[in-house]
Amino acid sequence: MSIMKPFLAIVSLLITVSVACTASRSAGSQSLVNSNPAVVQSPAQTNNASGQEKPTCQLTLAGAPDIKGLKLGMTPEEVLALFPGSKDDAEVRASLSRPPSQFGVSGFLVRPAKYETKDRFEGINQITFSLLDGRVSNFTVGYNGPEYSHVDKFVAKFIEGTSLPAADQWEAYVGMDNSLKILKCTDFEINVFIGGPGGNLNYVLLKDLEAEKKLKGRRDKARAKATPPSQ
């Protein structure tokens, strides 16, 4: 009996140490996962995790900004009118000659430097347009600089002369906090990104959320129709 008591005490101590080490390893692993910048969460998840909520932007589509005259909801003709000669551009004509997808989606790309209004679009490499039912549902403006130390500086420049909220009201995308910010309003969304040597990957993306919702509805309906009913 005198031998068993020390033995049981040693076993108990080993079990306690083992449990403590396991808990320590689990906590360490969780810490690594949470701090890994490659694990990108959505802005909504970020809010829930931090317990802080950004004020909601109440602007409708009518309050969406334009970029050098480009706006959501424009027709291809209205867009091309800003780039004299673009209607005869082979690349543009080829894109616009393709029929829309089964969901009404089409698109085209414009390179402003090719046209006489290039000075108006100085600093812009290209602009990609997506259309739904023949109207611009989203477009991305790609810039060739300048280089910014933080995306807030690009946002501050972008919102000059608009009614958009200040940079600190935009959502930072987790894992890309210094380079990507998102503003979600009632009817539209804006993404502002910085990156690349000299800022040659900088871009601004504007999205019509109502058009996006309409497109999603069409795709969901087609998917449901294609799925055979359960027996």
Side-chain angles (χ1 to χ4, degrees), residues 42-44 46-47 52-76 78-84 86 108-131 135-212:
S42 71
T46 305
N47 275 344
Q52 298 178 349
E53 292 187 5
K54 298 288 186 182
T56 303
C57 169
Q58 301 294 334
L59 293 173
T60 62
L61 195 60
D66 71 89
I67 300 180
K68 308 291 186 181
L70 297 169
K71 298 188 68 173
L72 293 168
M74 296 178 80
T75 64
E78 290 171 332
V79 170
L80 298 183
L82 297 174
F83 305 96
S86 58
F108 63 99
L109 181 148
V110 170
R111 305 181 196 277
K114 298 170 69 174
Y115 311 110
E116 62 185 60
T117 52
K118 59 184 178 182
D119 290 343
R120 179 180 182 180
F121 296 90
E122 184 178 3
I124 295 176
N125 283 327
Q126 62 182 38
I127 310 168
T128 306
F129 299 90
S130 291
L131 311 173
R135 290 190 174 274
V136 175
S137 57
N138 70 70
F139 66 95
T140 303
V141 180
Y143 297 83
N144 56 19
E147 185 170 344
Y148 295 96
S149 58
H150 194 284
V151 67
D152 280 355
K153 294 186 177 181
F154 191 11
V155 172
K157 180 68 176 176
F158 176 73
I159 65 176
E160 287 179 358
T162 73
S163 56
L164 298 175
D168 60 358
Q169 302 300 312
W170 294 46
E171 290 288 349
Y173 197 87
V174 174
M176 303 174 72
D177 305 64
N178 297 330
S179 56
L180 175 59
K181 276 205 161 180
I182 300 169
L183 177 69
K184 190 168 185 178
C185 297
T186 302
D187 293 336
F188 65 91
E189 180 178 305
I190 307 174
N191 292 213
V192 174
F193 174 82
I194 60 168
N200 67 350
L201 295 181
N202 295 353
Y203 72 76
V204 174
L205 164 64
L206 274 76
K207 294 194 289 187
D208 180 340
L209 296 180
E210 283 301 308
E212 196 171 71

So, [X] side chain and [Y] main chain: donor-acceptor pair closer than 3.5 Å or not?
X: Arg120; Y: Lys68; value: yes
X: Asn202; Y: Asn144; value: no
X: Asp177; Y: Gly175; value: yes
X: Lys181; Y: Asn191; value: no
X: Trp170; Y: Pro165; value: yes
X: Asp187; Y: Leu61; value: yes

Pick one: which of [options] meets side-chain contact (heavy atoms from CB on, under 4.5 Å) with [X]?
X: Phe129; options: Leu109, Val110, Leu80; value: Val110
X: Phe139; options: Ile127, Leu131, Thr128, Val79; value: Ile127
X: Phe158; options: Leu183, Val141, Ile190; value: Ile190

Just do the ring pair (Phe, Tyr, Trp, His ring centres under 6.0 Å) check on Phe83 and Phe121 with the steps written out, would you? CA-CA 10 Å; Phe83 305 96; Phe121 296 90; 4.6 Å; yes
Would one find more than 12 heavy atoms of other residues, nucleotides or ligands at under 6.0 Å from atom NZ of Lys114?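 Correct, the count exceeds 12.
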To check you understand the geometry: which heavy-atom pair defines the closest contact between [X] and [Y], and what is its length?
X: Ile194; Y: Val151; answer: CD1-N, 3.4 Å
X: Leu209; Y: Thr186; answer: CD1-O, 4.3 Å
X: Thr117; Y: Pro84; answer: CG2-CD, 3.5 Å

Ion pair check, Lys184 and Glu171, cut-off under 4.0 Å: no
Assign the ring pair Tyr203 / Phe193 to parallel, tilted or perpendicular, where the plane angle (0 to 90°) is split at 30° and 60°.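 The arrangement is parallel - the two ring planes meet at less than 30°.
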